[in-house]
> 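Questions regarding the structure given below will be posed in turn.
Here the structure is a predicted model, which means the values were calculated and not measured. No hydrogens, no waters, no symmetry mates; every other heavy atom, side chains included, goes into these values. We name chains A, B, ... by the order of the sequence lines, and we start the count at 1 in each one.
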Protein chains: 2
Amino acid sequence: MNISDASERSGVSAKMIRYYESIKLLQPAARRDNGYRDYGDADVSVLQFIRRTRDLGFSLEEVGALLTLWRDRKRPSREVKRLAEAHIADLERRMKEMRAVLRTLRDLAQHCHGDDRSDCPILDDLASPLSTRRAKRRH
Amino acid sequence: MNISDASERSGVSAKMIRYYESIKLLQPAARRDNGYRDYGDADVSVLQFIRRTRDLGFSLEEVGALLTLWRDRKRPSREVKRLAEAHIADLERRMKEMRAVLRTLRDLAQHCHGDDRSDCPILDDLASPLSTRRAKRRH
DNA sequence: CCTTGACCTTCCCATTGTGGGAAGGTGCAA
DNA sequence: TTGCACCTTCCCACAATGGGAAGGTCAAGG
């Protein structure tokens, strides 16, 4: 099948399919006489694997590692799990940061009148965060 | 003061200070005779504002808008609040997505032996997500 | 006075993952 | 034959940041 059919079936854009091939995440696709790339069901499966893995937030580098493990019938599941857990830890770290940011933002927004008046605790904080503000003192 | 002092005091790298100037987020800095950029305390304040705003996850475009509002003594706080709340909504949306992803990943990792054996529910799911898997049927 | 090291300047390149679009070839249907 | 929908490669752009080269400047110490 043509690239656009593979794209439709896998949910990966044609552009990205070509890109993945160019960075060697994918084996070079078979070509028809006219130079068109030609895909089979197995290729679509690989593309779906990539799509799913990307959707779970893995980087393309990690996708590559997972693909290799997937293809290796003798892989130790330990390695897959290790990759997954590293990624989980990364997401958890980022979530934690976002939670802290959200807490701050909600707090600031809550205290802002949000009307025609110009005084605004949000801007006040951006200019001089509460966390760094303290009683005046001489240096 | 020189750029590296401004950098140190604001927590914004010299590289980024020049970049912010180049994209017009910052007014062109004053120059000494030798061509060196010259910063004062007010400039450092602006840089700190940017740093803080970036730390809260606003894009440079949003930082620009907030800077403009900050400078405008007659701004309505409504506009600041609107920006903040849009950003909050964005973060909430992303957190929600991440939570869903994390749920899935934790679930998969939990069921993976993580030993020498090759069978692995993580790879199984990537290849064919549970959510799309159903009883065999003919097409 | 000269050297050395720490600054400064601009300019280009790389990153990550994706999309847009141009220029040119191909295949199929009316 | 014409037209349209494909396909190909190639270059550009994005967001925000860092690395590093090539060359100018300044201050301290010999």
> Can you check whether any acceptor in the base of dG27(C) is under 3.5 Å from a donor in the side chain of Y36(A), or vice versa?
no
> Taking atom P of dT16(C) as reference, at what distance in whole Å does atom NZ of K24(A) sit?
16 Å
> Could you check K15(B) against S4(B) and say which one's nearest nucleotide on DNA chain C is further toward the 5' end?
S4(B)
> Under 4.0 Å between a side-chain N/O of Y20(A) and OP1 or OP2 of dT18(C), yes or no?
yes
> Whole Å only: how far is the CD1 atom of I17(A) from the P atom of dC7(D)?
9 Å
> Looking at E8(B), I'd like to know if its CD atom is crowded, meaning that more than 12 non-hydrogen atoms belonging to other residues, nucleotides or ligands lie closer than 6.0 Å.
no
> Return the value, rounded to whole Å, for the distance between atom CZ of R54(B) and atom P of dA15(D).
11 Å
> At under 4.0 Å, does any side-chain N or O of R37(A) touch on OP1 or OP2 of dT26(C)?
no
> Please evaluate residues Y39(A) and N2(A) with respect to the criterion side-chain contact (heavy atoms from CB on, under 4.5 Å), reporting the C-alpha separation (whole Å), side-chain torsions for both, the decisive distance (0.1 Å), and the verdict.
CA-CA 6 Å; Y39(A) 297 92; N2(A) 277 345; over 6 Å; no
> Taking only N and O in the side chain of S13(B), is any of them less than 4.0 Å away from OP1 or OP2 of dT17(D)?
no
> Across the strands shown, which category fits R18(B) at heavy-atom distances under 4.0 angstrom: base, sugar-phosphate, nothing?
base
> Could you give the CG-to-P distance, from D5(B) to dC26(D), as a whole number of Å?
16 Å
> Could you tell me whether the side chain of R75(B) and the main chain of S118(A) form a donor-acceptor pair under 3.5 Å?
yes
> Nearest-Å distance, CD1 (I50(A)) to P (dT18(C))?
10 Å
> Over how many whole Å does the gap from E8(A) atom CD to dC7(D) atom C1' extend?
16 Å
> Give the rounded distance in Å between these two atoms: CD1 of I3(A) and C1' of dT8(D).
10 Å
> Nearest-Å distance, OH (Y19(B)) to P (dT9(C))?
18 Å
> Side-chain N or O of N34(A) less than 4.0 angstrom from OP1 or OP2 on dG25(C)?
no
> Quick one: does R31(A)'s side chain have a donor or acceptor within less than 3.5 Å of a partner on G35(A)'s backbone?
yes
> Just to confirm, is there a sub-4.0 Å distance from OP1 or OP2 of dT25(D) to any side-chain nitrogen or oxygen of R31(B)?
no
> Does Y36(A) belong to the same Ile/Leu/Val/Met/Phe/Trp/Tyr cluster as V12(A), with side-chain heavy atoms less than 4.5 Å apart forming each link?
no
> Using a 4.0 Å heavy-atom cut-off, does R32(B) contact any base of the nucleic acid, only the sugar-phosphate backbone, or nothing at all?
nothing
